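Below is one structure, written out as structure tokens; comments come after it.
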2 protein chains.
Amino acid sequence: MITNKNCIIRLSRYKNALYRLQDLGFVKVFSDNLADAVGGTASQVRKDFSIFGISGNKKGGYQIDSLLEKLNSILGKDQLQKVIVIGAGHIGSALMRYRGFEKEGIKIVAGFDIDPAKINRSNPVPVYPLEEARAFIKTNQIRIAILAVPDIAAQQAVDLICAAGIKGVLNFAPLGLKTPEGSIVNNVNLEIELENLIYFVNVAEKTR
Amino acid sequence: MITNKNCIIRLSRYKNALYRLQDLGFVKVFSDNLADAVGGTASQVRKDFSIFGISGNKKGGYQIDSLLEKLNSILGKDQLQKVIVIGAGHIGSALMRYRGFEKEGIKIVAGFDIDPAKINRSNPVPVYPLEEARAFIKTNQIRIAILAVPDIAAQQAVDLICAAGIKGVLNFAPLGLKTPEGSIVNNVNLEIELENLIYFVNVAEKTR
DNA sequence: TTGTTATTGTGAAAAATAGAACAATATGAT
DNA sequence: ATCATATTGTTCTATTTTTCACAATAACAA
Ligand SMILES: NC(=O)c1ccc[n+]([C@@H]2O[C@H](COP(=O)([O-])OP(=O)(O)OC[C@H]3O[C@@H](n4cnc5c(N)ncnc54)[C@H](O)[C@@H]3O)[C@@H](O)[C@H]2O)c1
Ligand SMILES: NC(=O)c1ccc[n+]([C@@H]2O[C@H](COP(=O)([O-])OP(=O)(O)OC[C@H]3O[C@@H](n4cnc5c(N)ncnc54)[C@H](O)[C@@H]3O)[C@@H](O)[C@H]2O)c1
């Protein structure tokens with residue numbers, strides 16, 4: 001069931017909102033509650049669900065627990081996702097120390113760096129020399145990597161890890177990467193995010 | 001000239017690609033070169049430009065330097081953009097140490113934190129107590145803030161800074177924020193980015 | 001029961017976005 | 001000069017995404 005990226009991002013948002021509602025003690029939810037929670041429309045919520053064959057109850061709405069099960073299954077959250085980090089610098093080590101991924105079933109299992117000073121095999125998230133990345137990826141069947149190396153090293157690093165079996169890369173370097181057929185990249189380009197924000201703030205200021 | 005977010009992001013990409021081309025010695029560029037450089041179509045490049053009244057030369061293409069001037073002006077890059085960071089923890093301090101924003105005309109001028117241990121007025125990017133944020137925002141007319149506080153503190157922090165005059169927030173906390181009319185939020189939700197990547201990697205794996 | 005109501009699920013309409021096509025035209029060749 | 005060519009700018013077309021609208025129906029009330 002291939003769909004557009006925004007739709008899948010909405011599924012993640014619904015899922016997160018549902019956990020919050022569940023924490024508040026709710027057991028069922030209506031499309032318009034979810035729409036409010038994520039800032040969308042009720043029709044879109046229902047349409048998104050219908051695309052994935054998720055159905056609720058006429059009148060009664062949706063049962064939160066079973067809805068969460070379905071969303072989690074669609075989003076691949078029924079198994080722990082092991083992720084590695086390439087580049088244990090500022091961003092890389094912030095990510096490795098971050099506990100927030102775990103509650104999402106995402107575990108950073110290792111970091112890799114070329115700088116010997118960054119190597120530390122006994123960290124909670126161990127950091128290994130880059131040369132070991134290939135073997136690690138293969139033996140642990142890692143498919144997802146976070147790329148946090150300097151811009152200039154990014155393409156080379158992505159070539160290396162994709163050749164070793166990485167299928168999805170979350171790239172922090174502010175440049176486009178070429179990947180072999182079958183691997184995909186999501187870019188986190190903070191420069192562009194800020195630029196974008198600045199643009200819309202300026203527009204809002206002018207048109208007011 | 002309000003347009004869709006993707007279009008503005010493309011402008012940023014064109015701009016970045018143009019700098020690279022300029023570094024390589026090019027002085028002019030055709031719509032299809034740019035399309036290749038950012039992974040789009042030539043029509044779209046020309047359409048994007050035409051929306052903003054940017055014109056080139058029949059035959060001759062676009063002059064890179066004047067094109068860059070126009071894009072930079074649209075993107076608000078003709079003046080240094082001062083930004084503050086709220087929360088000098090892992091992410092916040094990685095950002096404050098990052099030199100990459102400067103070449104984009106974006107300067108992080110201060111950080112703010114509630115933890116006294118994080119305060120340091122003599123850092124390259126000084127970190128002040130949160131109580132000083134309001135006055136700082138007002139006297140320095142800061143409009144853009146990066147929010148890197150724990151999830152639980154995020155809404156409160158955004159309320160505070162928006163009341164003080166912040167118009168645009170780049171939010172790292174993985175939850176939706178309410179902002180007053182006139183302020184906007186761009187979310188950097190790494191959990192969702194990873195989840196999304198995992199989804200598409202899974203889909204690719206299944207359909208292969 | 002029967003009727004009323006709330007809410008889903010979906011097909012059709014609308015809006016937004018992207019792409020193709022091509023006339024207009026500047027450039028360079030002959 | 002004239003012609004051929006390359007490339008823009010824009011209109012028209014196609015696709016994608018969102019929203020609307022409403023029949024279907026489950027829940028509840030009387
Ligand atoms: N730090 C930020 O706030 C920030 C913000 C936006 C974008 N970025 C981008 O994120 C990336 C990382 O930034 P950073 O600030 O963490 O940089 P950093 O210099 O702190 O860390 C980079 C790390 O990568 C290691 N490294 C270098 N080449 C490598 C290779 N080939 N393989 C493995 N490791 C290698 C270095 O030894 C270093 O430890 C950069 O592309 C940067 O542009 C960072
Ligand atoms: N670190 C990561 O890799 C990462 C990844 C994804 C998302 N995030 C999100 O980014 C945010 C920050 O994460 P972090 O890892 O940097 O956290 P952190 O705990 O390292 O840092 C948070 C900082 O904010 C300060 N703070 C707390 N309340 C504050 C307030 N009201 N005003 C100002 N400062 C306040 C704390 O003193 C601390 O210094 C969180 O929402 C987290 O979920 C972080």
Side-chain angles (χ1 to χ4, degrees), chain A residues 1-14 17-18 21 26-71 74 176 192 196 199-200 203, chain B residues 1-14 17-18 21 26-71 74 176 192 196 199-200 203:
Chain A
M1 188 80 67
I2 289 179
T3 316
N4 79 62
K5 180 166 166 163
N6 283 336
C7 173
I8 307 303
I9 286 178
R10 285 196 299 270
L11 294 190
S12 287
R13 298 223 166 97
Y14 300 147
L18 287 167
L21 291 169
F26 290 87
V27 304
K28 67 176 190 179
V29 70
F30 303 116
S31 54
D32 64 333
N33 303 143
L34 264 177
D36 287 351
V38 306
T41 67
S43 331
Q44 188 159 56
V45 172
R46 296 200 300 274
K47 178 61 73 73
D48 286 340
F49 287 174
S50 119
I51 289 168
F52 291 93
I54 294 176
S55 57
N57 314 296
K58 301 274 156 87
K59 218 152 176 177
Y62 303 82
Q63 207 67 21
I64 292 183
D65 55 1
S66 86
L67 186 48
L68 272 170
E69 256 172 48
K70 286 168 189 151
L71 289 174
I74 291 164
I192 288 186
N196 197 258
Y199 173 83
F200 284 104
V203 166
Chain B
M1 189 79 68
I2 289 180
T3 317
N4 79 62
K5 179 165 168 166
N6 283 336
C7 174
I8 307 304
I9 287 177
R10 285 196 299 271
L11 295 189
S12 287
R13 298 225 167 96
Y14 300 148
L18 287 167
L21 291 168
F26 290 88
V27 304
K28 67 176 189 180
V29 69
F30 302 116
S31 54
D32 64 332
N33 303 142
L34 265 177
D36 288 350
V38 306
T41 68
S43 304
Q44 188 161 56
V45 172
R46 297 199 299 274
K47 175 73 77 61
D48 286 340
F49 288 173
S50 122
I51 289 168
F52 291 94
I54 294 175
S55 57
N57 313 297
K58 301 274 156 87
K59 219 150 178 182
Y62 303 82
Q63 208 69 21
I64 292 183
D65 55 2
S66 86
L67 186 48
L68 272 171
E69 256 172 49
K70 286 170 189 149
L71 290 175
I74 291 164
I192 287 185
N196 197 258
Y199 173 83
F200 284 104
V203 167

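Convention: sequence-line order gives letters A, B, ...; per-chain numbering from 1. Here the structure is a predicted model, which is why all the values come from computation and not from measurement.
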**OP:** For A:I74 and B:Y199, work out which heavy atoms get closest and say how close.
**Re:** O-CD1, 3.3 Å
Original post:
Between atom CZ in B:F30 and atom C1' in D:dA6, what is the gap in whole Å?
Top reply: 8 Å
Original post:
Looking only at side-chain N and O atoms, does A:S43 come under 4.0 Å of OP1 or OP2 in D:dC20?
Top reply: no
Original post:
NA contact type, A:Y62, heavy-atom cut-off 4.0 Å: base, sugar-phosphate, or nothing?
Top reply: sugar-phosphate
**OP:** Just compare C:dG11, C:dG9, C:dA21 and give me whichever is closest to any side-chain atom of B:R46.
**Re:** C:dA21
**OP:** Write down the distance between CD1 (A:I54) and P (C:dG9), rounded to a whole number of angstrom.
**Re:** 10 Å
Original post:
Run the side-chain contact (heavy atoms from CB on, under 4.5 Å) check on B:F49 and B:L34 step by step: do they pass?
Top reply: CA-CA 12 Å; B:F49 288 173; B:L34 265 177; 3.7 Å; yes
Subject >> Base C:dT5 paired with A:K59 side chain (donor-acceptor, <3.5 Å) >> reply: yes
Subject >> Atom pair distance, as rounded to whole Å: CG in B:N4 and P in D:dT16 >> reply: 16 Å
Original post:
Which nucleotide sits closest to the side chain of A:S55: C:dT8, C:dA21, C:dG9?
Top reply: C:dG9
**OP:** Identify whether any heavy atom of A:T41 sits under 4.0 Å from a base atom; if not, whether one sits that close to sugar-phosphate; answer base, sugar-phosphate or nothing.
**Re:** sugar-phosphate
Original post:
Can a donor-acceptor pair under 3.5 Å be found between the side-chain atoms of A:K47 and the base atoms of D:dT19?
Top reply: yes
Original post:
Under 4.0 angstrom, heavy atoms only, what part of the nucleic acid is A:N6 near: base, sugar-phosphate, or nothing?
Top reply: nothing
Subject >> D:dG9 OP1/OP2 closer than 4.0 Å to side-chain N/O of B:S50 >> reply: no
Original post:
Over how many whole Å does the gap from B:N33 atom CG to D:dA6 atom P extend?
Top reply: 15 Å
Subject >> Minimum heavy-atom distance between B:A35 and B:A42, given as atom pair plus value >> reply: CB-N, 3.5 Å
**OP:** Please lay out, stage by stage, how A:Y62 and A:R46 fare under the test side-chain contact (heavy atoms from CB on, under 4.5 Å).
**Re:** CA-CA 10 Å; A:Y62 303 82; A:R46 296 200 300 274; 3.7 Å; yes
Original post:
What nucleic acid atoms does A:D32 come within less than 4.0 Å of, heavy atoms only: base, sugar-phosphate, or nothing?
Top reply: nothing
Subject >> Residue met sooner reading DNA chain D from 5', once A:Q44 and B:K58 are mapped to nucleotides >> reply: B:K58
